[in-house]
Amino acid sequence: MIDLTLPLVLVGLIAALAGFLLWVLTYHGTWLVATIKKWLFTTDHKRIGLMYIVTGFLFFLIGGIYATLIRTDLGLVQGLGMDPQTTLGITPDVYSTLFTEHGVLMVFMFVIPVLAGFGNYLVPSMIGAREMALPRINAIAFWLIPPAGVILILSNAYAGWTGYVPLTLEAFGPNPYGVDLWILGLHILTISSMLGAINFLVTILKHRAPGVHYWNMPLFVWSILINSVLLIFALPALSIGFTMILSDRNFGTHILASVNGTPLGGALLYQNIFWFFAHPEVYIMVLPAFGLVSTILPKLARKDIFGYGAMAVALGAFAVLSFAVWEHHMFVTGISTNVRFVFMLATMAIAVPSAVKTFNWVATLWGGRIWMALPMWFCVAFITGFVIGGLSGLFLASIPIDYLYHATYFVVAHFHYVILGGTLMAVFAAIYFYFPIWTGRWYSQRLGHVHFVLTYCGINLLLFPMFILGAEGMPRRVYTYVWSGNFQFLNFLSTLGAYMIGIATLVFIYNMVYSYFAGDPVTVTDPWGEELAVRMTGPVARPAPLPSRAPTPVPTAAVPEGP
């Protein structure tokens, strides 16, 4: 008997969508067409920035689904002693696809577009420019992203988000063109990022208003400027490596397969090319987050940022040192000890600007009249997550320790603490900070705090057990594992954390959508202006004394007139 369940469901969904579109066109046709044209053909930097952010969060949901399936396999199914192949249908090939799609969507389709969205929305206003320098190029850069994301999803690539050779050079039977499509999508995203980076550079360097100089620009503008420089110098390496793979796969060139006469030589060449891009990419994903936090903290602490010059110089130090540390990803590949030693020192040195920025954020809070509004909670969470991620990175900078932890879940926890505990928290802080400005409405504070608690607890419950798993020797990038020690229990805890983040994200989406239509209106010009003293917290956050009553005028005695 033929199972018609799936076809009937698809027919039902298509019919429902067609009915909805017919209803909209019948009763709201003129409004719909005007709205579509307004957003589809816009070159306004604010609208493009908002489209970047919304698009990024759509792919965040898709990438989160992939991650939830991975954690369900590792923590729930296997943690309870079940077989993932018979329970969820997750075979090694399916797991490789989930792993690849999750990584590439989160890095290239969520973090980078969302941060670019904030850059588009804020940078022209912060430097006094009316618009981005190249408005049409700005629109083209955005509209390259949605089709690239669709291509990446349809590719169902299986080679890991790093695309290591020789795995990417092999033809996988059920999906022979997956890697080709995957590389095509990433090439399109590379073009988009290059166009955006050039646009930001020209805008910041040439379109500042009179009186806006380099040493009085907001730190967020500094972060976007340096971020753009990193993109321009790092992205060509990614394109070169992927072009070599495409050529080897389709034209029989054997560029990566014949280095030093062995496939291993090609693998090492590709890793050098890829990580020359990918380690600066880590700072590309976190520098704008530094700028957002450096914008929000002073506003809600009622103080100027502490050490503005040091903060700007630290951003520049990130840019220089990020290109001098890529080899620490290859400590276990057998490269020369002298080379490893130099890259170990460079990797440890990059902790210095990180420490400078962390110290300055804390010093900005010290003695301030801190308003612990929702964005401030996320900023503080960002600092804690970034500190944990950075300190764990110092462990991996040490060659002998990296030998122990390189292929384990310790590295997974370190990287995700920087991105989830750091960048994601900064993004949420910025959304809650700018939402009243974007929409003219307040969100639900109660739901916002529920979102914060679930997200913060979920991230730590997801990631901290991975440090212990890595220390106990659980390898990363595997779809199953040997039952040893606490592996099952710790994976189960980690999966509970992933579910908490998923629930928190649903609360966030509901809060944003509901508040957009029915939130309390913002009745002041500056939503984050001086708040009532009784709602402030901090060292000097006490109710201000009432002003003394003005003295009552006392009538003076009449002065007799002279003769």
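In this structure, Met330 and Ile335 approach most closely via the heavy-atom pair O-CD1, 3.7 Å. Residues Leu447 and Val507 approach most closely at O-CG1, 3.7 Å, considering heavy atoms. In this structure, Ile245 and Gly163 approach most closely via the heavy-atom pair CD1-O, 3.8 Å. For the residue pair Trp275 and Pro280, the shortest heavy atom distance occurs at O-CD, 3.9 Å. Across Ala319 and Ser322, no two heavy atoms sit closer than the pair O-OG, 3.0 Å. Taking every heavy atom of both residues into account, Leu463 and Ala413 meet most closely at O-CB, 3.6 Å.
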| task | Start with the C-alpha distance between Tyr417 and Phe467, add both sets of side-chain angles, then the distance that settles ring pair (Phe, Tyr, Trp, His ring centres under 6.0 Å), and finish with yes or no. | result | CA-CA 11 Å; Tyr417 254 113; Phe467 282 129; 5.6 Å; yes

| message | Would Glu281 and Ile112 count as a side chain to side chain contact (heavy atoms under 4.5 Å, CB included) here? Give the steps. | response | CA-CA 9 Å; Glu281 173 73 4; Ile112 294 178; 2.6 Å; yes

| request: Determine, stepwise, if the pair Leu374 / His449 fulfils side chain to side chain contact (heavy atoms under 4.5 Å, CB included). | output: CA-CA 7 Å; Leu374 198 53; His449 282 91; 3.9 Å; yes

| field | Step-by-step ring pair (Phe, Tyr, Trp, His ring centres under 6.0 Å) determination, Phe508 to Phe60 | value | CA-CA 13 Å; Phe508 166 75; Phe60 172 72; 8.7 Å; no

| message | Quick one, Ser155 with Glu101, criterion side chain to side chain donor-acceptor pair (under 3.5 Å). Give me CA distance, side-chain angles, the key distance, then yes/no. | response | CA-CA 9 Å; Ser155 72; Glu101 293 294 330; 3.3 Å; yes

| field | Step-by-step side chain to side chain donor-acceptor pair (under 3.5 Å) determination, Asp73 to Gln78 | value | CA-CA 6 Å; Asp73 163 36; Gln78 297 187 56; 2.7 Å; yes

| request: Take Lys357 and Phe290, measure what side chain to side chain contact (heavy atoms under 4.5 Å, CB included) needs, and give me the verdict at the end. | output: CA-CA 8 Å; Lys357 301 192 75 62; Phe290 291 166; 3.6 Å; yes

| said: Between Tyr479 and Phe99, does the ring pair (Phe, Tyr, Trp, His ring centres under 6.0 Å) criterion hold? Intermediate values first, please. | reply: CA-CA 9 Å; Tyr479 99 108; Phe99 170 75; over 10 Å; no

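Remark: the backbone N or O of Ala504 is not paired with any side-chain donor or acceptor of Thr455 at under 3.5 angstrom. Using modelled atom types, one side-chain atom of Thr100 and one backbone atom of Ser96 make a donor-acceptor pair closer than 3.5 Å. In this structure, Ser294 contributes its side chain and Gly291 its backbone to no donor-acceptor pair below 3.5 Å. Thr495 places a side-chain N or O within 3.5 Å of a backbone atom of Arg71 that can act as its donor or acceptor partner. Judged by distance alone, the side chain of Ser398 and the main-chain N or O of Leu394 form no donor-acceptor pair under 3.5 Å.
His102 is not listed as a side-chain neighbour of Leu69, based on a closest heavy-atom distance of 4.5 Å or more. Considering only heavy atoms from C-beta on, His328 stays 4.5 Å or farther from Leu396 through its side chain. Here the side chains of Leu365 and Phe306 are not in contact, with every heavy-atom distance at 4.5 Å or above. Proximity of Tyr481 to Asn491: side-chain heavy atoms (C-beta onward) are separated by under 4.5 Å at one or more points. By the 4.5 Å heavy-atom criterion applied to side chains, Leu144 and Leu189 are not counted as neighbours. A heavy-atom distance below 4.5 Å is found between the side chains of Leu122 and Leu292. Side-chain contact between Tyr432 and Asn511: present, with at least one pair of heavy atoms (C-beta onward) separated by less than 4.5 Å. Looking at Phe200 and Leu231, their side chains never come closer than 4.5 Å, going by heavy atoms from C-beta outward.
Between Phe410 and Phe395, the two ring planes are perpendicular [angle over 60°; tilted spans 30° to 60°].
Heavy atoms of other residues, nucleotides or ligands lying less than 6.0 angstrom from CZ of Phe341 number 12 at most. Residue Phe464 places its CZ atom among 12 or fewer non-hydrogen atoms of other residues, nucleotides or ligands, all under 6.0 Å distant. Around CZ of Phe233, the count of heavy atoms belonging to other residues, nucleotides or ligands within 6.0 Å does not exceed 12.
Rounding to the nearest 0.5 angstrom, the gap separating the CG atom in Leu506 from the NE2 atom in His451 is 10.0 Å. To the nearest 0.5 Å, the span separating CE on Met311 from CG on Leu315 amounts to 7.0 Å. The structure places CD1 of Ile183 at 11.0 Å from OG1 of Thr190, a figure rounded to the nearest 0.5 Å. With values rounded to the nearest 0.5 angstrom, Asn360 atom CG is found 9.5 Å from Leu219 atom CG. Atom CG of Leu186 sits about 11.0 Å away from atom CG of Leu181, to the nearest 0.5 Å. Interatomic distance, Ile459 CD1 to His416 NE2, rounded to the nearest 0.5 Å: 10.5 Å.
Evaluation of the ring-ring contact (aromatic ring centres under 6.0 Å, His included) rule for Tyr177 yields no partner, not counting sequence neighbours. Qualifying side chain to side chain donor-acceptor pair (under 3.5 Å) partners for Tyr66, counting only residues two or more places apart in sequence or in other chains: none. A search for ring-ring contact (aromatic ring centres under 6.0 Å, His included) contacts involving Phe415 returns nothing, not counting sequence neighbours. With sequence neighbours left out, Tyr158 forms a ring-ring contact (aromatic ring centres under 6.0 Å, His included) with Phe172. Looking at residues two or more places apart in sequence or on another chain, you find a ring-ring contact (aromatic ring centres under 6.0 Å, His included) between Tyr283 and His279, Phe318. Taking the salt bridge (charged side-chain N to carboxylate O under 4.0 Å, His left out) definition, one finds that Asp180 meets it with Arg249, sequence neighbours left out.
Between Trp326 and Phe274, the ring centre distance reaches or exceeds 6.0 Å. If you look at Phe359 and Trp366, their ring centroids are not closer than 6.0 Å. Under the 6.0 Å cut-off for aromatic ring centres, Phe492 and Phe489 do not qualify, their centroids lying 6.0 Å or more apart. A ring-centre distance under 6.0 Å is not found for Phe378 and Phe433. Tyr456 has its ring centre no less than 6.0 Å from the ring centre of Trp377.
Using modelled atom types and a 3.5 Å distance limit, the side chains of Thr347 and Glu327 yield no donor-acceptor pair. If you check the side chains of Thr337 and Arg340, you find a donor sitting under 3.5 Å from an acceptor. Side chain to side chain, Thr72 and Tyr499 meet the donor-acceptor criterion of an N or O pair below 3.5 Å.
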